[in-house]
Amino acid sequence: MSTLFVQIASYRDPELIPTLHDLVNRAEFSGRLRIVVSWQHGTDETLGGFFLEGFQKWRLQPDQPFCVHTFELRGATVELIDIPHELSQGACWARNLIQQRYQGETYTLQLDSHHRFVPHWDTQLIAMQEQLRARSPKPLLTAYLPAYTPAAPHPGDQGASAALGMRFDRFTPESPIFFRAFELPEWQSLPEPVPARFYSGHFTFADGSFAREVQHDPEYFFHGEEISLAVRAYTHGYDLYHPHRNLAWHEYSREGRPKFWDDHDGNARDAGRVSQAWWERNARSLARNRALFGMEDASAPAAEAPEAKYGFGQARTLADYEAYAGISFSDRAVQPEVIACQPPGAGAPLSDPASWRSTLRRSHDLHISAHRSVFDIQACTQATQVRVRALRADGSVLHEDTATIESSRSHCKNDWFDRRLAFLCDLSEQPAAYQIAALDANQTVLAKFEKALTA
């Protein structure tokens, strides 16, 4: 009998219980589910909420460093790792705690705590997984999911949602790759899952041994999780796929609810409520990610690379992943096929270095800012647009973006204009400065500010 180990990291989330109900209610075989939750909760969240919502047969397992509460919910086993939110060390740390409780289940599914599901999501995932066995001994299904709104009717009652893939968005200056969702072309006629480059932290399904073989690095905070696990999974021999049918929905905004960075700020650290501010964990995590991929600047302080168990596997190399995915980490660059969302492996082969490098496009993500004392959008009453440019050393335009004045004013806060300018260019090109200009309806420049970029 196939069993399923479901991993859910939850941080002060009122959607946790509705998610658990929908997960169990819409499974075809709920009795085969063992759900383990990193329950990072506040004092306003108690076990009583679970009793009131139909969770039964409570048992307490005293453990270190956190005790575990076990319930049954319509045949499914639900285990809550009891973590006061002040003691949390971040999302990846919470996911690693869950993985220590893996007990040999046939499959594993990693989620967040804010989801909705289609009927029989469990048997559909298993069918997709087994459909791929002829092509891959270690398939892994992953995707960004379409959105749902908690207060709205169940998204499954509105008809089928498009199957989504993950596409490259940009490298950030700190090193992680950001991704966006895209609709799989002609997904309605696809007969099976399609090869993928990337890994989603909120929806990943694989053989259960994945929970033991490729565990989350607990020293990672949040950003960097997805690209590191994509490469680590691939180098451990897993093949990445996007499901060809949508099986669940994810809530992205979590508006009005406390986040880790709300609770773990400098004031909480100074008051002794938390051991570190979130940005301290984040900076160390990002440096660790850069060290993993060999992206650390030579002038930067040496960062600690992950130990072997949180590094790459032996089945494939980092270079193998770069050739497959069309990405150069050291160059912070991608092949055009990546931008066009073509199938992985469609670009020039890494075995031909000259051809490989000639196709790469470097990713830039500039932080554009100006104080109102030097660039005041609010004073430009006749402005209709704001133009932002990246300039070469000779002053010529490398890239530009124009937005409406209304959109641009949304980037103004506390007397600062502040936004990002992301773009791709040839490897030989580097921005030397940025320029901000307010334009009227005739494209006349009403105000302008220019600043050189530090090397």
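No hydrogens, no waters, no symmetry mates; every other heavy atom, side chains included, goes into these values.
Side chains of Asn282 and Glu174: a donor-acceptor N/O pair is absent below 3.5 angstrom, by distance only. A donor-acceptor pair shorter than 3.5 Å can be found between the side chains of Arg392 and Ser396. Side-chain N/O atoms of Asp22 and His115 include no donor and acceptor closer than 3.5 Å.
Of the candidates Arg116, Arg254, Arg257, Glu15 forms a side-chain hydrogen bond (donor to acceptor under 3.5 Å, both in side chains) with just one, namely Arg116. Tested against Phe205, the residues Asp122, Leu111, Leu109 include a single side chain to side chain contact (heavy atoms under 4.5 Å, CB included) partner, Leu109. Between Phe198 and the choices Thr142, Ile327, Leu229, Leu240, the side chain to side chain contact (heavy atoms under 4.5 Å, CB included) rule is met once, by Ile327.
Asp217 has no carboxylate O lying under 4.0 Å from a charged side-chain N of Lys309, or vice versa, which leaves the two without a salt bridge. Taking a cutoff of 4.0 Å between a charged side-chain nitrogen and a carboxylate oxygen, Glu192 and Arg245 do not qualify as a salt bridge. Looking at Arg387 and Asp401, no side-chain N of the basic residue comes within less than 4.0 Å of a carboxylate O on the acidic one, giving no salt bridge. Salt-bridge formation is detected for the pair Lys138/Glu213: a Lys NZ or Arg NE/NH1/NH2 atom is positioned less than 4.0 Å from an Asp or Glu carboxylate oxygen. Salt-bridge annotation for Asp263 and Arg273: absent, with no side-chain N of the basic residue lying under 4.0 Å from a carboxylate O of the acidic one. Salt-bridge annotation for Arg95 and Asp112: present, with a side-chain N of the basic residue lying under 4.0 Å from a carboxylate O of the acidic one. A salt bridge links Glu79 and Arg34; the closest N-O separation between the charged side-chain nitrogens and carboxylate oxygens is under 4.0 Å.
Aromatic ring orientation, Phe50 versus Phe71: parallel (interplanar angle below 30°, classes split at 30° and 60°).
Note on residues 333-370: pairs passing ring-ring contact (aromatic ring centres under 6.0 Å, His included), not counting sequence neighbours, are His364-Phe423. Under the ring-ring contact (aromatic ring centres under 6.0 Å, His included) criterion, the residue pairs touching residues 323-351 are Tyr234-Tyr324, Phe293-Phe329, with sequence neighbours excluded.
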Atom pairs and distances, donor-acceptor, side-chain atoms in residues 160-168, under 3.5 Å, two or more places apart:
{"residue": "Ser161", "atom": "OG", "partner": "Trp249", "partner atom": "NE1", "Å": "2.8"}

